[in-house]
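For reference, the structure is listed below as C-alpha cells.
What you see below is based on every heavy atom in this structure, not just the backbone, and it leaves out hydrogens, waters and symmetry mates.
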Amino acid sequence: MRIRIVDAFTDRPFAGNPAGVLLLDSFPDDEWLQNVAVEVNHAETAFAHRLPAGGDADWALRWFTPAAEVNMCGHATLATAHVLHTTGAHEGPVRFATRSGVLIATPGEDGSITLDFPTAPLTRTEVPYGVAKALGAKPLSAFDTGPNVGDLVLELADEKTVHALDPDHKALGAFSERGIIATARAEDPTRGYDFVSRCFFPNVGIDEDPVTGSAHTALAPFWAERLGRTELTGLQASPRSGRVRTELRGDRTLLAGRAVTTIEGELLV
C-alpha cells in the first residue's frame, strides 16, 4: 500500500508538522496500526478508509502517535484531506468519522484546506504548583481544555517568553492528560499573526509538537475573548514553525492551512 509523509500547516516542504498518511481498505488490528506509527516516528500517523455511500461520513479516520492513539488531531486530518484531494480519491468537502465525531475538511480555491472541529471548552483553573519550574516560566493564568484536547493552556507574559522556553518535558507530564499549550499575545500583529504558542505533549510521546491543529480549538476561543475578534491567525513557534488561521463559530472552530506531500513510497508489511 502507498504511504505518504505530508507537511501540514505550511506551503513549503520541511516546515509545518509532518504526518504519515495511509489510505486503507479497512482498519487492521490496533497493534499493526501502532507499529506503523512507531515506524513512521512522526507526531501523528493517520489511517483512513472509505465508508459506504449514504452515511453521515465519507471516510473513517484514526490517528496514532508513536506511543498511543489520540482523540483528535488537526494536522494529520489536514494531511489526510490533502492526500485525498491531490490523488483524486475524493473531491470536494470530505466528512471524516472519528473519535471526536464527524469532522469536515473543505478545500479552498487558494489551495488551503479548512477543518471544521469542535471548539474546546475552556475552564479556568489554578496554576498548578510546580508547573512554572517544569515549564521554565511563570504563567499568568491556566485553563483546562476538556476531554477531546486534554491539555492545559498556560498564558505567559509575552511572545519572547514563549520563544525562549526550554522545559523539563518529563516533569510537564504531571500536569494534564496530554500536555501543555504555552501561549502569549503577538508582540507585533503586523507580522501576520495575532498570538503565538508552543505545545509540549510528553504523555503521548511528543516532547514538542511542531504545529498542532487541535490546540487551536482551545487557542481560538481563548484569544477571541481577549482580542475581541473571531477570526485570528496563530503562529506555533516550534523549530519547524507554522501558521493556523482560526475562525470561532460558537461550539465549532474552523482551522485553515495548506499542506505539501514530501515523501511517497510503498509499505511492504
Evaluate the side-chain proximity of [Y] to [X]: yes if any heavy-atom separation is below 4.5 Å, no if none is.
| X | Y | result |
| --- | --- | --- |
| Thr246 | Leu219 | no |
| Met1 | Leu24 | yes |
| Val94 | Ile104 | no |
| Glu208 | Arg198 | yes |
| Ile3 | Val21 | no |
| Thr98 | Met72 | no |
| Cys73 | His75 | yes |
| Leu61 | Leu103 | no |

As an exercise, state the distance from [atom1] of [X] to [atom2] of [Y], rounded to the nearest 0.5 Å.
| X | Y | atom1 | atom2 | value |
| --- | --- | --- | --- | --- |
| Tyr129 | Phe175 | OH | CZ | 9.5 Å |
| Leu165 | Leu156 | CG | CG | 6.0 Å |
| Trp59 | Leu51 | CH2 | CG | 9.0 Å |
| Phe64 | Thr45 | CZ | OG1 | 9.5 Å |
| Arg124 | Phe222 | CZ | CZ | 8.0 Å |
| His169 | Ile180 | NE2 | CD1 | 12.0 Å |

Report, as yes or no, whether the 6.0 Å neighbourhood of atom [atom1] on [X] holds more than 12 heavy atoms from other residues, nucleotides or ligands.
| X | atom1 | value |
| --- | --- | --- |
| Asp25 | CG | no |
| Asp188 | CG | yes |
| Asp56 | CG | no |

Looking only at atom types and distance, does a side-chain atom of [X] sit under 3.5 Å from a main-chain N or O of [Y], one as donor and one as acceptor?
| X | Y | value |
| --- | --- | --- |
| His216 | Val244 | no |
| Thr212 | Ser214 | no |
| Asn203 | Glu177 | yes |
| Thr114 | Leu255 | no |
| Thr87 | Val83 | yes |
| Glu159 | Glu187 | yes |
| Arg99 | Asn148 | no |

Under 3.5 Å side-chain donor-acceptor pair for Thr253 and Thr119 = yes
For a quick test of reading the model, state the closest non-hydrogen atom pair linking [X] to [Y] and the distance between them.
| X | Y | value |
| --- | --- | --- |
| Phe9 | Leu78 | N-CD2, 3.4 Å |
| Thr217 | Pro221 | O-CD, 3.1 Å |
| Arg258 | Ser112 | CG-CA, 3.9 Å |
| Thr80 | Ala48 | CG2-CB, 4.0 Å |
| Trp223 | Arg185 | CH2-N, 3.2 Å |
| Gly179 | Pro202 | CA-CD, 4.3 Å |

Does a side-chain N-to-carboxylate-O contact under 4.0 Å join [X] and [Y]?
| X | Y | value |
| --- | --- | --- |
| Asp30 | Arg62 | yes |
| Asp7 | Arg240 | yes |
| Arg229 | Asp194 | yes |

Under 6.0 Å from the six-membered ring centre of Phe14 and within 45° of its axis: does the NZ or CZ of Arg12 meet both?
-> no
Is there a path of hydrophobic side-chain contacts, each under 4.5 Å between heavy atoms, that joins [X] and [Y]?
| X | Y | answer |
| --- | --- | --- |
| Phe195 | Leu248 | no |
| Phe117 | Val211 | yes |
| Leu84 | Leu115 | yes |
| Ile181 | Val70 | no |

Please output the side-chain donor-acceptor pairs of residues 132-146 that fall under 3.5 Å, not counting sequence neighbours, one pair per line with the distance.
unit_1: Ser141; atom_1: OG; unit_2: Glu155; atom_2: OE1; d: 2.8
unit_1: Asp144; atom_1: OD2; unit_2: Gly146; atom_2: N; d: 3.0
unit_1: Thr145; atom_1: OG1; unit_2: Gly150; atom_2: N; d: 3.4
unit_1: Thr145; atom_1: OG1; unit_2: Asp151; atom_2: N; d: 2.8
unit_1: Thr145; atom_1: OG1; unit_2: Asp151; atom_2: O; d: 2.9

Determine the sole option in Asp209, Ile206, Val149 for which the side-chain contact (heavy atoms from CB on, under 4.5 Å) test with Arg178 is passed.
-> Val149
Could you please spell out the steps behind the salt bridge (charged side-chain N to carboxylate O under 4.0 Å, His left out) verdict for Arg245 and Glu247?
-> CA-CA 7 Å; Arg245 301 197 308 273; Glu247 182 179 348; over 6 Å; no
Let me check something: any side-chain donor-acceptor pairs from residues 259-269 under 3.5 Å, sequence neighbours excluded? List them with distances.
unit_1: Thr261; atom_1: OG1; unit_2: His82; atom_2: NE2; d: 3.0
unit_1: Thr262; atom_1: OG1; unit_2: Ile5; atom_2: O; d: 3.2
unit_1: Glu264; atom_1: OE2; unit_2: Arg4; atom_2: NH2; d: 3.2

Which donor-acceptor pairs under 3.5 Å do the side chains of residues 31-40 make with protein atoms, sequence neighbours left out?
unit_1: Gln34; atom_1: NE2; unit_2: Thr65; atom_2: O; d: 2.8
unit_1: Gln34; atom_1: NE2; unit_2: Pro66; atom_2: O; d: 3.3
unit_1: Asn35; atom_1: ND2; unit_2: Glu31; atom_2: O; d: 3.3

Just do the side chain to side chain contact (heavy atoms under 4.5 Å, CB included) check on Val131 and Leu154 with the steps written out, would you?
-> CA-CA 9 Å; Val131 75; Leu154 297 177; 3.7 Å; yes
Let me see the working for Val153 and Thr183 under side chain to side chain contact (heavy atoms under 4.5 Å, CB included), right down to the final yes or no.
-> CA-CA 7 Å; Val153 173; Thr183 188; 4.0 Å; yes
Criterion side chain to side chain contact (heavy atoms under 4.5 Å, CB included) on Asp168 and Lys170, from CA distance to verdict | CA-CA 6 Å; Asp168 180 338; Lys170 184 176 180 180; 3.8 Å; yes
Would you please test Phe96 and Val102 for side chain to side chain contact (heavy atoms under 4.5 Å, CB included) and show each step?
-> CA-CA 5 Å; Phe96 292 112; Val102 175; over 6 Å; no
